[in-house]
Amino acid sequence: MAIKSIIKACLLSPVVSAAVAKPIHARNASSFAEAQKLADPAYGPIPGESPIYNSYLGVEAPFPGNLRDPVLPTKEGPPATDDIVWQNLLEAEWIIFDFYQKAVESFNASDFIKVGMPNNTYQRIQEIRNNEAGHLRIFQNQISETSIKPGACETQFPYYDPISFLALVTVIEISSMAFLTGLVQQAQLSSSQAAMTAIAEVESRHETWSLIEIWKTNPFGGPSDTVFPYANQILDTTNAFIVPGSCPKLNPEYPSPRQNLPSLSAAKNTTSLLPGSNIGLAFPDPTNQPTFANGTQYYAVFFHGVNNVSIPIDTTCWPKQEIRVTIPAQFDTKGVVIATVADTKGAPTKETIVAGPGIILEQPSALSVKLL
Ligand SMILES: *[C@@H]1O[C@H](CO)[C@@H](O)[C@H](O)[C@H]1NC(C)=O
Ligand SMILES: *[C@@H]1O[C@H](CO)[C@@H](O)[C@H](O)[C@H]1NC(C)=O
Ligand SMILES: *[C@@H]1O[C@H](CO)[C@@H](O)[C@H](O)[C@H]1NC(C)=O
Ligand SMILES: *[C@@H]1O[C@H](CO)[C@@H](O)[C@H](O)[C@H]1NC(C)=O
Ligand SMILES: *[C@@H]1O[C@H](CO)[C@@H](O)[C@H](O)[C@H]1NC(C)=O
Ligand SMILES: *[C@@H]1O[C@H](CO)[C@@H](O)[C@H](O)[C@H]1NC(C)=O
């Protein structure tokens, strides 16, 4: 039951709970001064050269995850071409790094063995944590010297035991893969696009590991993972993992630009999120509800693989009566389906989306069926 509620919570929109919320590191003047050294890309271990980003097996946060302050620009001038995209990615990466770092600090090798996981699970989590630390450093170095490199906010995640953590791993990794398909479209330099593709490939290896070793399932995700062009909308849902008011004051808005759309979820009594399931839509944040104009036809737009499918929805009696829709039955049960509500068929621009996105995990189907 415990897993059930966690999976349900994170399937469509991350819900904050009070798990593991202790700050990783306090900030002070000397830590701020040390973080400024990160402005030099040659400072500290180099990703692709140092073993720290691969095989470090300590509990303490590895470099540069131990230096959580923002890094100030060292030159005046306009931002370089892709600085904003890399800043968004760095802020997202701090959340993902913390997700793994907190697991490394909260669990030990026997915790995973006790719940029937392979005896190297804790080590793999440490290795993924190390890869994510390498991403922090790579993204810092991609931001030019005229732009700030954002620091870490404090984070909280809705896991409280090894299994609920591992379920979130699967959702977070595949969500990273999906938002990178959008971010790569915002980047203008082909070198940025190549670097983002290389990062997405690493997240895909993490996902594949969890499918094979943790869930003992077929690792293949269909002929294409899901393309979602509006990356900032997925990034925005990760604000649920940030402790409100905890971000460094110098950080830019996250994500930038931010639409702050109502979050989208499945109704509480949903029993299946497999293709073909008829579900009720829910907008779980009471302070951020959608508005539906009279006389406008709205659609649930579902993204899967490289395609999307729009289903007209009846919003006329909402909120008195819930909005119901069927997840397109033609989708295979691989990877994820990304659900949105839009005022235009096919959601051709980000402005046409009025709620969401919600991430529906289809693989392993055991997570979406058995645990719901
Ligand atoms: C300040 O931060 C540094 C680096 O994180 C740490 O080593 C030091 O103990 C901290 N000092 C205080 C007074 O908290
Ligand atoms: C692992 O952590 C558990 C608590 O979660 C503790 O009871 C156990 O002693 C720890 N095992 C080792 C080998 O440190
Ligand atoms: C870990 O598991 C593997 C595969 O099940 C086994 O061969 C190995 O002996 C185990 N190692 C330890 C230290 O228990
Ligand atoms: C969930 O509740 C709605 C009414 O709010 C109902 O129409 C729907 O059939 C219920 N679904 C399930 C699977 O029980
Ligand atoms: C839509 O029309 C109904 C009456 O038919 C009215 O109560 C409601 O406020 C209108 N909603 C909006 C968003 O204009
Ligand atoms: C959704 O699919 C339609 C039809 O193929 C396409 O025109 C539209 O651009 C797609 N929407 C997005 C956001 O990619």
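The chain is numbered in sequence order, starting from 1. Both counts, for ligands and for their atoms, begin at 1 and track the order of listing.
- With Asn232 as reference, Leu183 is the one residue of Leu261, Val85, Leu183 to meet the side-chain contact (heavy atoms from CB on, under 4.5 Å) rule.
- Aromatic ring orientation, Phe241 versus Phe157: tilted (interplanar angle from 30° to 60°).
- In this structure, a donor-acceptor pair under 3.5 Å is present between the side chains of Thr326 and Asn278.
- The shortest separation from a heavy atom of Tyr230 to ligand 6 is under 4.0 Å, placing the residue in contact.
- Nearest heavy atoms, Cys153 versus Ser246: CB-OG, 3.7 Å.
- Under the salt bridge (Lys or Arg N to Asp or Glu O under 4.0 Å) criterion, Arg258 pairs with Asp236, not counting sequence neighbours.
- Atoms of ligand 6 found under 4.0 Å from any heavy atom of Ala347 (numbered from 1 in listed order, with element): 13 (C).
- At a heavy-atom distance under 4.0 Å, only side-chain atoms of Pro229, from C-beta outward, approach ligand 6.
- Near ligand 2, residues Asn108, Ser110, Asp111 come within 4.0 angstrom through at least one heavy atom.
- When the side-chain contact (heavy atoms from CB on, under 4.5 Å) test is applied to Pro79, the partners found at least two apart in sequence or on another chain are Asp83, Ser147.
- Near Phe303, meaning under 4.0 Å from any of its heavy atoms, are these atoms of ligand 6: 12 (C), 13 (C).
- Ring-plane geometry between Phe107 and Phe165 is classed as tilted, the angle between the planes lying from 30 to 60 degrees on a 0 to 90 degree scale.
- In terms of polar-atom proximity, Thr271 is not counted as a contact of ligand 4, lacking any N or O under 3.5 Å from an N or O of the ligand.
- Grouping Ile, Leu, Val, Met, Phe, Trp and Tyr residues whose side-chain heavy atoms lie under 4.5 Å apart, directly or via other members, places Val306 in a hydrophobic cluster with Val227.
- Using a 4.0 Å heavy-atom cutoff, Lys268 is absent from the residues neighbouring ligand 4.
- Going from atom CZ of Phe228 over to atom CD of Gln185 covers 10.5 Å, rounded to the nearest 0.5 Å.
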